[in-house]
Every structure is written in C-alpha cells, then in structure tokens.
There are 2 protein chains.
Amino acid sequence: MSSAPRYVEIADYLRDLIAQADPGERLPSDAELCERFGVSRMTARQAVMTLANEHLLERKRGSGTFVSSRRIPRALGSPLSFSVSTRMRGMVPSSRVLRAGPVALAEDAAAALGIAITSPAILLERLRLADAVPMAVEHAVIPADDAGLLDEDLTFGSLHAAFERTGRIPTRALAEVGARTATKRERDLLELPAQGIVLTEVRTIFDQNGAPLEHTSTFYAAERYVFSAVLYRDEGQTQ
Amino acid sequence: MSSAPRYVEIADYLRDLIAQADPGERLPSDAELCERFGVSRMTARQAVMTLANEHLLERKRGSGTFVSSRRIPRALGSPLSFSVSTRMRGMVPSSRVLRAGPVALAEDAAAALGIAITSPAILLERLRLADAVPMAVEHAVIPADDAGLLDEDLTFGSLHAAFERTGRIPTRALAEVGARTATKRERDLLELPAQGIVLTEVRTIFDQNGAPLEHTSTFYAAERYVFSAVLYRDEGQTQ
DNA sequence: ATCTCTAATATGTCTATACATTTGCTCATT
DNA sequence: AATGAGCAAATGTATAGACATATTAGAGAT
C-alpha cells in the first residue's frame, strides 16, 4: 500500500522529531537512522539532506546533525496562500465571497495567464478575514475551464486546495508588492479610515508544469497586515 | 591542487551549459556525464540534483534533464541588498550618506541584534537612489565593533560587500514588509506629495554563523517602488 | 591538575551495481 | 494509414561498502 519511498518515510520521522525538539538539539546520526530503519547510509542521508536543504536542520561534519537554531517556516520566501500564512500566524482564516462569476479579462491578467484577452474567465472576489477581522480584499482571476472549482465551498477552504484536488499543484509564483491609498470600496470593506492605505500584492501562480493557474491581486489593510519572509542567499548547499 | 569535489566540478560545467542554453534545451543525461567525467552515476546525479534544487534545471523521469523553462534569478526570494536588486532592474544604484555615527540603540534594534540596549552602536543613514532618482531612506544599525566598515566609500558600494571583505558573509535575513504614510522628512527626501506613502521594510541580516550583522529599516517611495519576488513551494524536491 | 595525543564518531565524497518506473520511438500488424 | 506491442533510454530508488576529513572525548603522560 504504502508506496512512498523509504527516504520520504525517514524524512517524515525527522520532521516529527524536529517539531517536538528545541533549536540546537541533536538529531539521530546517519548510522542510527540506518539501524532504526534498516536502510543503507545513502538512503538515510538522502532523507537528512532533504531537510537540510529546507534549512530545518544543520549538519556539522565530525560533530552531528542538529535542529536548526532558528526554526524556519517550511515554505520559504513568502506565503503562497492567505489561508496557510494566516494559520502560521496562529489565527483562523475565513472568507466572504463578494463576487463570483464571468468577467471580462483585463490586459495584464490576460498577459499573465497567457491567454487571449477575449477568452472567457472567472472572477472570484473574496474578503479575507483572520480571526473574523477583515484583512484583505482578494481578486482572483482564473480561466473559465477551471470554473468547476467554484462549486467547492470557498468560505473556509482555499482555492489552492481546490486546485490540488484536480491534480494541478501550485508550484511557483511571481509576486509584486507595493502600496497605495485605499479606494472608497476598500475602506468600507476593510474598515479603514479616510486616507487608509492598502498593501498591494499582484501574484501569478503556476502549476507543476509551468502553466498559469491564476492571477490574483490582493489588497491588505496596511495598518493590520505585514508580510514577513525569511530570505536566504542560496548557493552551494553543502559544506 | 584542485581539492574541490568532483560533483562541484560537474555542477560548474552544467552551470556553464545552462548559461549559454535556451530555456527548455536538453542537458546531458546522467550516463553521458558519467562517461565524460569518469564518475559513477551517484556522483553525476549529486551534481545535477544540486542544480535541480536551485531550479536551474528540471528533470523529467523517462525523458531527460532540461534547462529550466523560465530562468530564475539565482538568489530566490527578495533582494538582500538594494544595490544588487537595483542593478538587476537595469538601473544604476547610488547613495547619499545622511548620517553616520554613534547612536543610542532602540529596543527593537537591540533585540534583533541580540545585544544589550546599552551597547555602543553605529547608525548609517543613507538616501538610496536608482538612476539618480531618490527611492528610499535606509536606516542601518550595526554593532560598534564593526565601525571600521564606515571607512569604506559607501556612496556607490554596498555595506554587504564591505562586510564580505571582512569574512562575514550575509547569509540569512528576516524581513517584514508593510506600508504607512510618509513623515515630513521622508516626503522631503523622497520628493513625495502630501499624503505620500512609504513601503516599509524591516530587516535583520545574519552572517554564515547565524550571528546578527545589521538591523535595517528602509522606507521606499511607494509610488516609484515595488518589491518583486519569485516564490516556490519547496517540498520534496524529487518527482 | 593540565596538557597532548589517540581513538572513536560523524559527516563528506565516491564507487559499482541493481532494479523500478516513465517516456518516447520503432516496427510489425491490422 | 492507424494502431498497438515492445524495446531502449532516462530518471528514481536503494544497496553495501570504502576512504577522507572534522570533531570530540578520553586515556595517558607530564
């Protein structure tokens, strides 16, 4: 049944250990993993190196393998999804659908999605809340072929999860973050004062094959929301 | 002499190929690399997987190894440095030093740098320009031990490069991005109108040993500046 | 008690091989 | 000409070892 490779199984075991451990704590050596799982060292090593590349643990030659001194969110960079990043902050995400239906494509959205401006498309506009406080207005445009997704309950679920159930996995995103004064409608929805500011995020998301999935503009209440990110200078990952 | 591992040599060879190749172009198979370099397949594979993890190439089981369809800047995430990111946008970065000297530590800066609030520290405040247009006011705080760096010419150079010359390599950064209305001083320096908006970035940078290097707050003219980033969902890197 | 050297341990690199799984092409059959 | 079977090639997973190099703890000598 379980057709997962052995090294994935070992990596999951290590993830559990890391989740319960303190930073700097020692993890099993390669040899211990070999014995415990009955695998060769190269297999154990593949599991450990996977997590090392995610910066979840650090290997010190001659010394051992240790839980990374500062715990890092699993997905580097920035949130690919409001739902996930909100939960990571310890809050409960929810949504209110403002609009859902056919829409005429704007020029930038058509270009980003790589389809003709005359192509049918669906707009899903949602108010995103964290612990019931309005945080952002989100404007997602998807090609009409994927309209079936709208049947799902998107009040609590995420569009990403819905995409994944159809076998298209959000893999890469191009994002631009800026700021501007809020429009009247945004002030009303986000409960902002006059002169209120929104953080703007324009994002195009691609699936595992590099095909565009969605083009999303999100406008966050700047007084209640900041992006946080962990950045690495990523070069050779060994030594 | 050359004590570099074989797989690094092979990876460098592939980097050259990729630099000259078009996206989607086919790269040598594992078997070809084995023959060319006289190594076993696991060694060739280690070289290829290194670049696959950097998203420079893609492996397709049963098919082959290909130059990544969209070329990605090597450093993921976001700019670690204004100088570098400005050059990446095809503009010429420069700076005007506004203030440089001892400063009393603020609470958040002391906490971020992991030093006592009474510790001596140096403030370097600069106006950052791109093609001579003012883009941001940057407020960098570094522990006083590193004050020697200020002798360098920071008008065109970057603080990062100066750090690297002392053997401390900026490796990891925690960043938070938000927005607020500009102060009077910021409006003057950045040539913003009344009600002008600044994008705020608060960043702590760590060296290769995890020791804090600097704590920087940067305030960008929102009407002229956006952050752009390429984000990956980084999980198991195989399959 | 302190210092030094050694041995054990841990990770880094590498070999040679085996089988599994996916993809794409060739060739024979229909 | 279209279809399908089969084969070759490519990557994925895994083994069982070997030697290199860095670290640390401990034994032994001073």
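The sequence lines fix the lettering, A, B, ..., with proteins before strands; numbering per chain opens at 1.
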**Q** Please give, in whole Å, the distance from C:dT15 C1' to B:D30 CG?
**A** 15 Å
**Q** Could you work out which one of C:dC14, C:dA16, D:dA10 sits closest to the side chain of B:T43?
**A** C:dC14
**Q** Which is more 5' along DNA chain C, the nucleotide nearest B:A44 or the one nearest A:T65? Just name the residue.
**A** A:T65
**Q** Hey, is the side chain of A:Y7 poking within less than 4.0 Å of OP1 or OP2 on D:dT13, counting only N and O atoms?
**A** yes
**Q** By nearest atom, which of the nucleotides C:dT15, D:dA20, D:dT11 is closest to the A:R61 side chain?
**A** D:dA20
**Q** CE of B:M42 versus P of D:dA14: gap in Å, rounded?
**A** 10 Å
**Q** Roughly how many Å is it from CD in B:E58 to C1' in D:dA10, rounded to a whole number?
**A** 16 Å
**Q** Expressed in angstrom and rounded to an integer, what is the separation of A:R59 atom CZ from C:dT9 atom P?
**A** 17 Å
**Q** State whether B:E54 and B:R15 are salt-bridged, where the test is any N-O pair (Lys NZ or Arg NE/NH1/NH2 against Asp/Glu carboxylate O) under 4.0 Å.
**A** yes
**Q** Looking only at side-chain atoms of A:P5, point me to the closest of D:dT13, D:dT11, C:dC14.
**A** D:dT13
**Q** Counting any heavy atom closer than 4.0 Å, what does B:V39 reach on the DNA or RNA strands: base, sugar-phosphate only, or nothing?
**A** sugar-phosphate
**Q** For the side chain of B:S63, counting heavy atoms from C-beta on, which of D:dG12, C:dT23, D:dA14 is nearest?
**A** C:dT23
**Q** Taking the side chain of B:S40 as heavy atoms from C-beta outward, which of D:dA16, C:dT15, C:dG12 is closest to it?
**A** C:dT15
**Q** Looking at D:dA10, D:dT15, C:dG12, which one has an atom nearest to any side-chain atom of B:R26?
**A** D:dA10
**Q** Atom CZ of B:R41 to atom P of D:dT11: distance rounded to whole Å?
**A** 7 Å
**Q** For B:E32 and D:dA8, give me the distance from atom CD to atom C1', rounded to whole Å.
**A** 14 Å
**Q** Just the rounded figure in Å: distance from C1' of C:dC14 to CD of B:E9.
**A** 14 Å
**Q** In whole angstrom, give the distance that lies between atom CZ of B:F66 and atom C1' of D:dT11.
**A** 11 Å
**Q** Hey, is the side chain of B:S29 poking within less than 4.0 Å of OP1 or OP2 on D:dA9, counting only N and O atoms?
**A** no
**Q** With a 6.0 Å cut-off on ring centres, are A:F227 and B:F227 close enough?
**A** no
